[in-house]
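Step one of this worksheet: look at the structure below.
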Amino acid sequence: MAERNTLLAVFAHPDDESIIAGGTLAQYAARGWRTALICATRGEWGPISDDSLANYETLGEVRERELEAACEVLGISWSCFLDMEDGGMAAVPGTEEEERALKKMVRTIRELRPQIVITFCPDGLYGHPDHVAIGQLTTTACALARDPKTFSEHLTENLPAHQVPELLYATVPQGQYENLIARLSDAGHTTHLWGIPPEQFGIPAGEITKIIDITPFLDQKLAALRCHRTQIDDSHAFFHLTRDLAMQYLGHEFFRLAAREPLLATKD
Ligand SMILES: [Zn+2]
C-alpha cells in the first residue's frame, strides 16, 4: 500500500495549532494529506474567558472538547495528548516524564511516518516555556526516530526508523502582532493578545524561511480559533478582526526550516 503523505503538528496547548498553523493544516488536508496533531497538555491552567464555560476543575476537559471541534474544522484526522502538565513542561528535561513523552512521540513518528513535522520555533512564539519545551522535545524526537538503535523494541512491532524530511518551526515575524494591535487601536478598539505584550511575539523577519499563503483557508482558521472559546474573551484582538485585518495579519503562516540545526541532539 502506498504511504499516504502525512503532516504532523506538535504543540503544547489546545489552540496553539489554530493560532500558528491552522491555515497550513487546513491547506494540507484539502490537498489530501493526512494531518495529525500531538498536543502536549490540555491547557488545564490556562485563562478562562467566561466563568460559565469552565472552572479549574473542568478546564482540561473543556479544552479537550474545544480542540476536538477545532480538529474537525481543520480536517485533522488523527490526534493524541502527551498528558503533560500545563505550565510544567520546562521542568521535564532529564526526568522520566521526558523519556515517557519522547517514547510516545518517536512511536507516533514511526507509525505515521510524516514527510513534514511542524512545531514551535525556539523563540516559543513569545517565550512561553511550554512552547520552547515542546519545540525542543519535538526536535529531539525527530532525531531519535531516525536512529534504529533508539527504542529498538519498535522494530519488533514493524515500526522501523523514520527520517522526517522536513522539520519546520512555526512563528511569526516580529512586529506582526504589534502592528495588528496598533491597527485595532486606530479603529477605536482596546484589545490584547492573551495579555501578552505584542512586541514579545516572533523572530526577525529575515530568519523566516517559509511563508505559506493561507488566505483560501482563512475562514477555516478563524472558525478553528473560535472553537477555543475559553481562550478568547471579548477584548481579545481576534474578536475584533475585520475581514481586511484578518487577511492582512492572519492570512499567512510563517516557518523556519529546522534541518541541520545543532539542536538535533542524539541520544546515547
Ligand atoms: Zn500555547
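Whatever order the structure lists ligands and atoms in, that order sets their numbers, starting from 1. Below, all heavy atoms of this structure are taken into account, side chains as well, without hydrogens, waters or symmetry copies.
With T119 contributing its side chain and T139 its backbone, the two residues share no donor-acceptor pair below 3.5 Å.
When side chains are defined from C-beta on, R107 counts as touching L159, because their heavy atoms get closer than 4.5 Å. When side chains are defined from C-beta on, D130 does not count as touching M84, because their heavy atoms never get closer than 4.5 Å.
Residue K104 places its NZ atom among more than 12 non-hydrogen atoms of other residues, nucleotides or ligands, all under 6.0 Å distant.
The name of the N, O or S atom in D16 nearest to the Zn ion (ligand 1) is OD1.
Taking 2.8 Å as the criterion, H128 does not count as a coordinating residue of the Zn ion (ligand 1), since none of its N, O or S atoms falls below it. For the Zn ion (ligand 1), the N/O/S atoms of D130 include none lying under 2.8 Å.
For the pair ND1 of H13 and NE2 of H131, the angle at the Zn ion (ligand 1) is about 100°; rounding is to 10 degrees.
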